Asks: 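Just passing along the structure, written as structure tokens.
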There are 2 protein chains.
Amino acid sequence: MKIKCCKTNLLAVQDTMDILKGRWKVQIIAALCYDKMRFSDLQKEIEGISAKMLSSELKDLEINQLVTRTVLSTQPITVEYQLTDYGQTLKKIIEHLAEWGVEHRKKIIGKVIEN
Amino acid sequence: MKIKCCKTNLLAVQDTMDILKGRWKVQIIAALCYDKMRFSDLQKEIEGISAKMLSSELKDLEINQLVTRTVLSTQPITVEYQLTDYGQTLKKIIEHLAEWGVEHRKKIIGKVIEN
DNA sequence: CCGCATCCCGATAGATACTG
DNA sequence: CAGTATCTATCGGGATGCGG
């Protein structure tokens, strides 16, 4: 598909960003990319996130049908989150973001060494 | 490059998102993807952005070496912005975001029609 | 273990007016 | 035309405590 530079595409980009907005959503999706995870494991995996934010961000993602929430009748209760098929369609984007981030960090480190 | 689900990659993703964060940066880059543009044209192209935001977001992008700023000695003065080669490396990501946004909108519209 | 409720603060960004 | 300055409203998100 050919993307042209016009308002339609600016809006399309914005639609996507609206769903991924906030400090944590992309990281949550990235963490779920390769496996379902429990709430507490997600919180360990994602450095610095509070339970409140994890909970509310997951709810947003659930509303947008990117993740499913499964309550397990363990004692005490545990909850598993997992990407939906639809959520999986974001995987490629996440991978690109990660690759770019890695390259960017290299570039920054290179600069630091130069000086 | 193989991306694994580990903290390193969550951080890499976050590095990228930090650079693209805020309501407007991605749209600005998208607008500049296929041509350099003047300040006023950018403001027309990007629905709803104020001069203040456009100015400060462009400054951030310039600091991160994603765009260049060129003052033309016209009367009155005009300023052109254009993606750097480094900024161009974000083009693929933007395209993916746009494609996903288009698909997502289709999905949403489908839902609306269903109900 | 999971997650909601409340309180609170700093960052973000909109409106408006002004300048070289 | 391309910004800057100021003022304000809003929002993200941290801390803490409670409840199922």
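Every value quoted in this text rests on a predicted model; they were computed, and no experiment measured them. Lettering of chains follows the sequences in order, A, B, ..., and the numbering in each one begins at 1.
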Asks: If you compare every side-chain N and O of A/Ser40 against the phosphate oxygens of C/dC2 (OP1, OP2), does one of them come in below 4.0 Å?
Replies: yes
Asks: Reckon B/Lys21 has a side-chain N or O less than 4.0 Å from the OP1 or OP2 of C/dA11?
Replies: no
Asks: To the nearest angstrom, how far is A/Asp18 atom CG from C/dT12 atom P?
Replies: 17 Å
Asks: A/Glu62 CD to C/dC4 P: how many Å, rounded?
Replies: 10 Å
Asks: In whole angstrom, give the distance that lies between atom CD of A/Gln43 and atom P of C/dG3.
Replies: 10 Å
Asks: Can you tell me how far P of C/dC18 sits from NZ of B/Lys52, to the nearest Å?
Replies: 17 Å
Asks: According to the interplanar angle, ranging from 0 to 90°, do the rings of A/Tyr81 and A/Phe39 count as parallel (below 30°), tilted (30 to 60°) or perpendicular (above 60°)?
Replies: tilted
Asks: Roughly how many Å is it from CD1 in B/Ile46 to C1' in C/dA13, rounded to a whole number?
Replies: 15 Å
Asks: By a strict heavy-atom criterion of less than 4.0 Å, which residues belonging to residues 68-80 of chain A are in contact with DNA chain C?
Replies: A/Arg69, A/Pro76, A/Ile77, A/Thr78, A/Val79
Asks: Taking 5' to 3' order, which nucleotide of DNA chain D is first and which is last to have an atom within less than 4.0 Å of a heavy atom in chain A?
Replies: D/dG13 to D/dA15
Asks: Measuring from B/Gln14:CD to A/Trp24:CH2, what's the distance to the nearest 0.5 Å?
Replies: 7.0 Å
Asks: Over how many whole Å does the gap from B/Leu54 atom CG to C/dA15 atom P extend?
Replies: 15 Å
Asks: Look at A/Ser55 and C/dC4 and indicate whether a side-chain polar atom (N or O) is within less than 4.0 Å of OP1 or OP2.
Replies: yes
